[in-house]
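A short write-up of the structure that comes next.
The sequence lines fix the lettering, A, B, ..., with proteins before strands; numbering per chain opens at 1.
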There are 2 protein chains.
Amino acid sequence: MENPRELFQIMTRRFGLLNKYCCSVGGCDISLAQSHLLYEIDRRHKPSMQEVAEALGTEVTTFSRQVQSLIQMNLVKKTPDPNDRRVYTLSLTAEGNMIAGMIDQQMNDYLDEVFSYMTEFEKETVLRSVKLFNEAMGKSSRCCAPVTG
Amino acid sequence: MENPRELFQIMTRRFGLLNKYCCSVGGCDISLAQSHLLYEIDRRHKPSMQEVAEALGTEVTTFSRQVQSLIQMNLVKKTPDPNDRRVYTLSLTAEGNMIAGMIDQQMNDYLDEVFSYMTEFEKETVLRSVKLFNEAMGKSSRCCAPVTG
DNA sequence: AACTAAAACTTGCAATTTACAACTATAGGT
DNA sequence: ACCTATAGTTGTAAATTGCAAGTTTTAGTT
C-alpha cells in the first residue's frame with residue numbers, strides 16, 4: 001500500500017460506488033451520469049453546455065443528449081444566452097434542485113458516518129489534505145486541468 | 001468549499017479523468033472500464049469473476065463480456081479453478097501485465113508532478129490521510145463495503 | 001456590406017455497452 | 001437421488017456513445 005496511485009484508486013472507486021448508490025435512494029432514481037450533470041450545473045453559475053461538458057470530460061454531442069433527457073424529466077432548464085445567441089445556459093429547475101440537494105445530503109450523511117471512525121483532528125486533517133491535493137492538481141500543467149472550479 | 005462531499009467529488013472527478021486519459025497513452029489504447037478491469041485483476045491473487053465484478057460494482061453479466069473482449073485482446077487469461085469447477089480465476093497475460101504496468105507508471109508520474117507543488121511534509125500528510133480515509137470507509141456499515149482490498 | 005472562418009449546439013447513424021431474464025453446469029445439503 | 005444455491009454464459013432489446021455532417025450565430029477581413 002505504498003503506491004500512491006493505489007491509495008487514490010481505492011478511494012475514488014469507493015466514492016464512485018457511493019455516488020452511484022446515492023442515485024437510487026429516497027424517491028430519486030437517476031443514472032450516475034445524470035447525477036454528475038446535476039451536481040455540476042448546480043455548482044456553477046448559469047454555465048454553458050460546453051463548460052459543463054468539458055468539466056465532466058464528456059463529448060459535447062453526448063452531453064447535448066443527456067441534457068435533453070434531463071429537460072424532459074423536468075430537472076434542468078436551458079435558456080438562450082442573450083449576449084451570444086449560439087450559447088445556452090443551464091440551470092436546475094426547482095425539482096432538479098431538490099433532487100441534487102437530496103443526493104448531496106445522502107453523500108454527506110455517508111461521509112459523516114465514515115468520519116465517525118476518526119478523531120476530530122484526523123477528520124480535519126483529511127479534509128485539509130483533500131483540499132490541498134485539489135489545489136495542487138489545479139496547478140498541474142498536465143491533463144485534467146479543465147475540472148477546475 | 002466547506003462541503004466535504006464537494007471536496008471529494010472534485011478530487012475523484014479529476015482522478016477519474018486522469019485514469020481515462022492514461023488509457024490512451026504510450027501505445028496502449030483501451031477503454032476506461034478495461035483499465036479498471038486490468039487494475040483490479042492485477043491487484044488480487046487469482047480472483048474469481050464474481051470477486052472482481054463485485055469490487056468494480058459491475059453486473060456479472062456485463063463483466064463476463066468485458067472479460068471476453070480482454071481475452072480476445074490477449075490481455076487477460078481465464079483459468080478453471082481445480083477446486084470448484086464452476087469458478088474461473090482471472091489473471092493477466094504478460095502483455096496485460098505490461099499494459100497495466102504502463103498505466104500505473106503514468107498515473108504515478110502524474111501524481112508525482114502534483115506532489116511537486118507541495119512540501120514533502122504535505123505530501124506525506126495527504127498520503128496518510130487518504131489511507132486513513134480508506135480504512136474508515138472500510139469500517140463503514142453502509143454501502144460500498146465490497147471494494148475492500 | 002459581403003466573405004470567410006470559427007464557435008456553440010444539434011442530429012443521423014452505426015457501433016459499442018448495458019441490463020434483465022433465461023439458460024447450463026457444478027456444488028452441497030438432506 | 002433430489003432439491004436448492006452458486007458461478008458463469010448467452011439472447012435480446014434498450015440505452016449510451018462517438019464520429020461526421022448539419023444549422024445558426026459570431027467575429028474578423030477586405
Side-chain angles (χ1 to χ4, degrees), chain A residues 13 16-17 19-21 23-24 28-41 44-73 75-91 146, chain B residues 13 16-17 19-21 23-24 28-41 44-73 75-91 146:
Chain A
R13 165 124 60 241
L17 288 179
N19 244 324
K20 190 168 156 188
Y21 172 76
C23 284
S24 48
C28 104
D29 198 17
I30 61 178
S31 77
L32 182 57
Q34 290 173 334
S35 165
H36 283 297
L37 260 166
L38 294 184
Y39 174 80
E40 207 58 35
I41 294 175
R44 295 168 185 265
H45 179 65
K46 297 220 166 263
S48 72
M49 310 260 301
Q50 300 269 1
E51 184 183 341
V52 181
E54 193 168 319
L56 294 173
T58 312
E59 278 274 317
V60 204
T61 156
T62 300
F63 185 78
S64 170
R65 279 182 256 247
Q66 289 174 338
V67 167
Q68 281 171 24
S69 59
L70 285 174
I71 289 177
Q72 280 217 323
M73 296 165 78
L75 300 179
V76 164
K77 214 169 24 187
K78 205 170 74 176
T79 318
D81 183 334
N83 300 326
D84 184 339
R85 281 158 60 197
R86 291 170 303 180
V87 176
Y88 289 88
T89 59
L90 299 172
S91 54
Chain B
R13 166 123 59 238
L17 288 179
N19 243 325
K20 191 168 157 187
Y21 172 76
C23 284
S24 48
C28 106
D29 197 18
I30 62 178
S31 76
L32 182 57
Q34 290 174 333
S35 165
H36 283 297
L37 261 167
L38 295 184
Y39 174 79
E40 206 59 34
I41 294 175
R44 294 169 185 264
H45 179 65
K46 298 221 165 261
S48 72
M49 311 259 302
Q50 299 271 358
E51 184 183 341
V52 182
E54 193 168 319
L56 294 173
T58 312
E59 278 275 316
V60 204
T61 158
T62 300
F63 185 79
S64 171
R65 279 183 255 246
Q66 288 173 338
V67 167
Q68 281 171 24
S69 59
L70 284 174
I71 289 176
Q72 281 218 322
M73 297 164 78
L75 301 178
V76 164
K77 213 170 23 186
K78 204 170 74 177
T79 317
D81 184 334
N83 300 326
D84 184 338
R85 283 158 60 196
R86 290 169 304 179
V87 176
Y88 289 88
T89 59
L90 299 172
S91 54

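- Here the CD1 atom belonging to A:I30 is positioned 7.0 Å from the CG atom belonging to A:L70, to the nearest 0.5 angstrom.
- Summarising the geometry, atom NZ belonging to B:K46 is positioned 5.0 Å from atom OG1 belonging to B:T79; distances are rounded to the nearest 0.5 Å.
- B:F63 comes within contact range of no nucleotide atom at all, as no heavy-atom separation falls under 4.0 Å.
- If you measure from atom NE2 of A:H36 to atom P of D:dT17, you get 11 Å, rounded to the nearest angstrom.
- Between the CG atom of B:L90 and the C1' atom of D:dT9 there is a distance of 14 Å, given to the nearest Å.
- Interatomic distance, OH of A:Y88 versus CD of A:Q50, reported as 13.0 Å (0.5 Å rounding).
- Contact between the side-chain N/O atoms of B:Q66 and the OP1/OP2 oxygens of C:dT18 is found at a separation under 4.0 Å.
- Taking atom CD1 of residue A:I30 and atom P of nucleotide D:dT16, one finds them 12 Å apart after rounding to whole Å.
- Considering only side-chain atoms of B:R86, the nucleotide from D:dA7, D:dT26, C:dA19 that sits closest is D:dA7.
- As a whole-Å value, the separation of A:E59 CD from D:dT17 P is 11 Å.
- Counting to the nearest Å, the P atom of C:dT10 and the CD atom of A:Q72 are 13 Å from each other.
- Nearest to the side chain of B:R65, among D:dG8, D:dT12, C:dT11, sits D:dT12.
- Following rounding to the nearest Å, A:L70 (CG) and C:dT10 (C1') show an atom-to-atom distance of 17 Å.
- The side-chain heavy atoms of A:T58 and A:Q66, taken from C-beta on, include a pair separated by under 4.5 Å.
- Among the nucleotides C:dA27, C:dT10, D:dG8, the one closest to any side-chain atom of B:V87 is D:dG8.
- The base of C:dC9 does not come close enough to the side chain of A:T61 for any donor and acceptor atom to sit less than 3.5 Å apart.
- Each of A:S31 and A:R85 lies near DNA chain D, and the nucleotide nearest A:S31 is the one positioned closer to the 5' end.
- Straight-line distance from the CG atom of B:L32 to the C1' atom of C:dT16: 15 Å, rounded to whole Å.
- Atom NE2 of B:H36 sits about 13.0 Å away from atom CD1 of B:I41, to the nearest 0.5 Å.
- The nearest whole Å value for the distance from the CG atom in A:D81 to the P atom in D:dT24 is 19 Å.
- When each of C:dA19, D:dA7, D:dT25 is scored by its nearest atom to the side-chain atoms of B:Q50, the top-ranked nucleotide is D:dA7.
- Within the structure, every side-chain polar atom (N or O) of A:K78 is placed at least 4.0 Å from both OP1 and OP2 of C:dA8.
- Between A:D84 and A:T62, it is A:T62 whose nearest contact on DNA chain D lies nearer the 5' terminus.
- Checking D:dG8, C:dT11, D:dT10 against the side-chain heavy atoms of A:Q68 singles out C:dT11 as nearest.
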